[in-house]
Structures are given as structure tokens and as C-alpha cells.
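Written out below as C-alpha cells is the structure these notes cover.
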Number of protein chains: 2
Amino acid sequence: MRIAELAERSGVSAASIKWYVSEGLLPAGERTGYNQTDYDDDHLARLRLIRSLVEVGGLSVAAAKDVLSAADDPDHPFGNTLGIAQASLPRVAVPPSQESLRRVADVARRQGWTVHDGNPGLVAAAVVLDRYLALGRDDLAAVLPAYARAAEVVAEADIDTISKKLDAGPATAAQTVVVGTVLGDALLAGLRRMAQESESVRRFHPGSPS
Amino acid sequence: MRIAELAERSGVSAASIKWYVSEGLLPAGERTGYNQTDYDDDHLARLRLIRSLVEVGGLSVAAAKDVLSAADDPDHPFGNTLGIAQASLPRVAVPPSQESLRRVADVARRQGWTVHDGNPGLVAAAVVLDRYLALGRDDLAAVLPAYARAAEVVAEADIDTISKKLDAGPATAAQTVVVGTVLGDALLAGLRRMAQESESVRRFHPGSPS
DNA sequence: CGCATGTCGAGAGTATCACTATCGATAGTG
DNA sequence: CACTATCGATAGTGATACTCTCGACATGCG
């Protein structure tokens, strides 16, 4: 298909498509003449993926590029793909304190987890814990064990989904990791908001109708 | 304290502090003369809160302002404070499909939740589900029940923390909601990343050392 | 064959965000 | 009484994510 059709079907303007190609997020179409380029359904799928990561996952275009390159690389280990999104976020380079890192690692240990020292999630969690403490809200840190239990439930479902895709080829498995991780955070956050409302009603307004 | 000291102690430049004041995120200090304004520890705490929401929570300054105004309003119901952050995100106004909304609501019902139709989490979750389907990844939707169970564990801990702060005054409780919700998403995402690594090692490389 | 329309990549332009810098007047400090 | 800090207002900056314009040229309808 030509760029106009790709733009129409994806909902992304032709100018933006060209820009994504030049930025390296989207492979170029096949040139069939001086001013003709042919795009196929793979390009359409890729565009949808890009838009999902950016619009729903909240990634910057640069971060989406990094994540997608990692997913595209057949030699790239799964474990790292997830971390790249985190590392690509416009995070201010404030490393967490050793104390918070230790506390989070401690929770992981109690949970029976095997977690590498440089795990980006560990760093991210420690940064959050630092903020709780800086805000004088040590009480909020008490949620850590409960959150860890919940994270384990989520991760089991995640790895379950990925393991079912391993025989569908590494590309599909990698895409599962990317989509499941980035959009999964948003999904989980949404469900959390729902559960909060429900739990809040249950505790503070018992007996009131739905 | 003067603005220079506030800047020094908060790590935010004096120019930025002035800007936050003019944007309405931070209350103005007390003018003590033509070019003298006095700030106190409340301003410092507020600045730390703003920076945490923006840097760690990923809120835009405008979104942080909305969330903080909601938290500041003594008449504002808790239940809504959480939703404001979600609604303030630079979300493209693509409403979810009825089908996805129904599916998510269905999961909530099976979980025994009482969730309002307009709950922002419900909308956010449905949007994610729509993307899964648009990407042809119906299999990813299978994680919904597991995620819902995890969300319930998290929400119980959240409401637990808030209920302990109810007698500390509505302002503290509201701040707990804001911080716990916004930073809590980041904390949970980090722990999820850790649990994923651990679960991945457990399943695919059993017996290997940590 | 003529010609409206579509397409090409390059590059310039635009909108938004989150600051940052500069200004002259003036207040406090040693 | 020199000097530094501060005031609010306003202009400027750099990053991000596009969007527009350009002239050359291909395609397809009549």
C-alpha cells in the first residue's frame, strides 16, 4: 500500500510516518520508484505498536525506539528488554540511597525472589522509597510486603503468557514482553484504581448500594 | 527563610520556585517588604511533594497542580482525588470501546468489586485492553483476572494506610492518597519488574545461582 | 498525450512544556 | 555606603513531537 493508505488505516499522518522512519522506529517501505514506496501489513502492525507504547504506555518516541530495537534484536535477552523502557524514561539521574536499595532487596529476599543487583525495577522501587522517606511518610513504606505479594501474582501471569509464546518464535515472545510490560503497567494501575474505589466503599460506606 | 535558602534546601532553583508560585502549585510566601518574601517549612515540604509527583510519578506540572488542588480542597471526596491524576494525564482522547469496558467491568464483578461506571481506572484499563486487541494479542487479555487479584491485594494495603491517617486530619489523609497513588504506581511497577526477573529465572533457568 | 493528483525526502517551521535568564528598582548587610 | 540578594514581569531557551512546504517527478484517467 502507499503511504496515504497506511496513514489512513493507522490513524497516523503521512508526515509522522515519514518522521518515524527517519527516526528509526519504523523500517522504511520498499521503494518502487522515484516517488513510490510500498508499505505492507507489518508496517501497519508496527505503527499500532508504536502508538500504543507512546499513547498508552507513556513512553517518549525515543524510549519507544530503544525498547523496540531491543525487542527486534534476536540476540537480546528477554530479561533486559523490560529494563530498557525504564532506563529510557526521562528520569532525573538521582540514584537511590543504599539504605533504600537494601530495604527493597530485603523485601525481595523475604519474598524468596532471585533478583540481580542492577535490576531496574529494584532501582525504581528504591527511588520511590527514598521519596516516601523524604516526604516524612515512613508509614507508606509499610505497604512494601503487600505490594511485593501482588507483584508476584502479576509476574506469574506475565511469565505464563510469555512462556506460551516461546514456540511462536522469539519475535512474538519479545513483542509480548514489550507490550505486556509497558501496557501492563497501565492496566495494573487502572485495576488498582478500581480496587481502591471498591475497597474504599467496602470499608467506609458498608451497606451502601452500588 | 528567603527564596535562596528554600532553593538550596529543596534543590529547586529560585526561578523555578517563582514559576511554581505563579502557576499556582505552591502558595506564595509572606511578603515582608518590597523585595522580601518569607518561606517556611511548609513550602519546603510542598516543593518536595511537587518534585516527587513530577520526577518519580511522571506527572506534568499541570497535572500535579490539579491533583494538589484536589488534595487541598477540604470538601473534595477522597475517591475523586485519585482519578484526577489519571484524567490530567496528556491522554489522547480516544475513549475505550463498549466491549472492553464491559469485559473489564465483568472482571471487576467476578472479583466482587463495587465500581462506579465512570471510574477512571476502569476507563484506563479498557483502553489498554483495546490496544491488546488491536495488536492482535487477545492472549494478553487473559492476564486480567490475575491482575485483578493483585490489584485487590494492593488496594487493601492502600486503604489500610489511608485509614490509619484519617485521624491525623483530612489534609494528611489527602496527601497520603496523592502520594500513595501516584508514587505507588511507580513502586508497584518496579516490584513487578523484580518479580518478573525472579519468576523468569525460576522457570527458565532453574537451579542456576543468584 | 495532457494534466490533475499523489508521492518523495529534506529541511524549515510550529506548538507545548518546563524551565532559565535578564531586567531595573530597591531592601537588607557589613 | 558599597554590595549582594531579592522582587515580579517578561523574554528567551532547549527538548520533544510533530507539521508544513518545497520542487521534482510518477501514475492513472480521459
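Residue numbers start from 1 in every chain, and the chains themselves are labelled A, B, ... in the order their sequence lines are given, proteins ahead of strands. Owing to the predicted nature of the structure, the values given are computational and were not obtained by experimental measurement.
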Lys/Arg-Asp/Glu bridge criterion (N-O < 4.0 Å) met for B/R46, B/D72: yes
Pairing of A/D41 and A/R9 as salt bridge, 4.0 angstrom limit: yes
Take the protein atom [atom1] of [X] and the nucleotide atom [atom2] of [N], then report the distance between them rounded to whole Å.
X: A/Q36; N: D/dA24; atom1: CD; atom2: C1'; answer: 13 Å
X: B/D38; N: D/dT6; atom1: CG; atom2: C1'; answer: 12 Å
X: A/L25; N: D/dT16; atom1: CG; atom2: C1'; answer: 13 Å
X: B/W19; N: D/dT10; atom1: CH2; atom2: P; answer: 17 Å
X: A/L59; N: D/dT16; atom1: CG; atom2: C1'; answer: 14 Å
X: B/Y39; N: D/dA5; atom1: OH; atom2: P; answer: 16 Å
X: A/I17; N: C/dG9; atom1: CD1; atom2: C1'; answer: 15 Å
X: B/R2; N: C/dT26; atom1: CZ; atom2: C1'; answer: 14 Å

Taking OP1 and OP2 of [N], is either one under 4.0 Å from a side-chain nitrogen or oxygen of [X]?
X: A/R31; N: D/dA26; answer: no
X: A/S60; N: D/dT16; answer: no
X: B/R51; N: C/dC19; answer: yes
X: B/S13; N: C/dC19; answer: no
X: A/T37; N: C/dC8; answer: yes

5′-ward residue of the pair B/G33/B/K18 relative to DNA chain C: B/K18
Nucleotide nearest A/I3 when distance is taken to its side chain, options C/dC19, D/dG8, C/dT7: C/dT7
B/V61 side-chain proximity, nearest of D/dA26, D/dT19, C/dC19: C/dC19
B/D138 CG: over 12 foreign heavy atoms closer than 6.0 Å: yes
Enclosure of A/E8 CD (heavy-atom neighbours >12, cutoff 6.0 Å): no
Comparing A/Y20 and A/N35 on DNA chain D - which has the more 5′ nearest nucleotide: A/Y20
Of A/Y34 and B/E5, the one whose closest DNA chain D nucleotide lies more 5': B/E5
Sugar-phosphate, base or nothing in reach of B/A4, heavy atoms under 4.0 Å: sugar-phosphate
Flag side-chain contact, heavy atom, 4.5 Å: A/V128 against A/P96: no
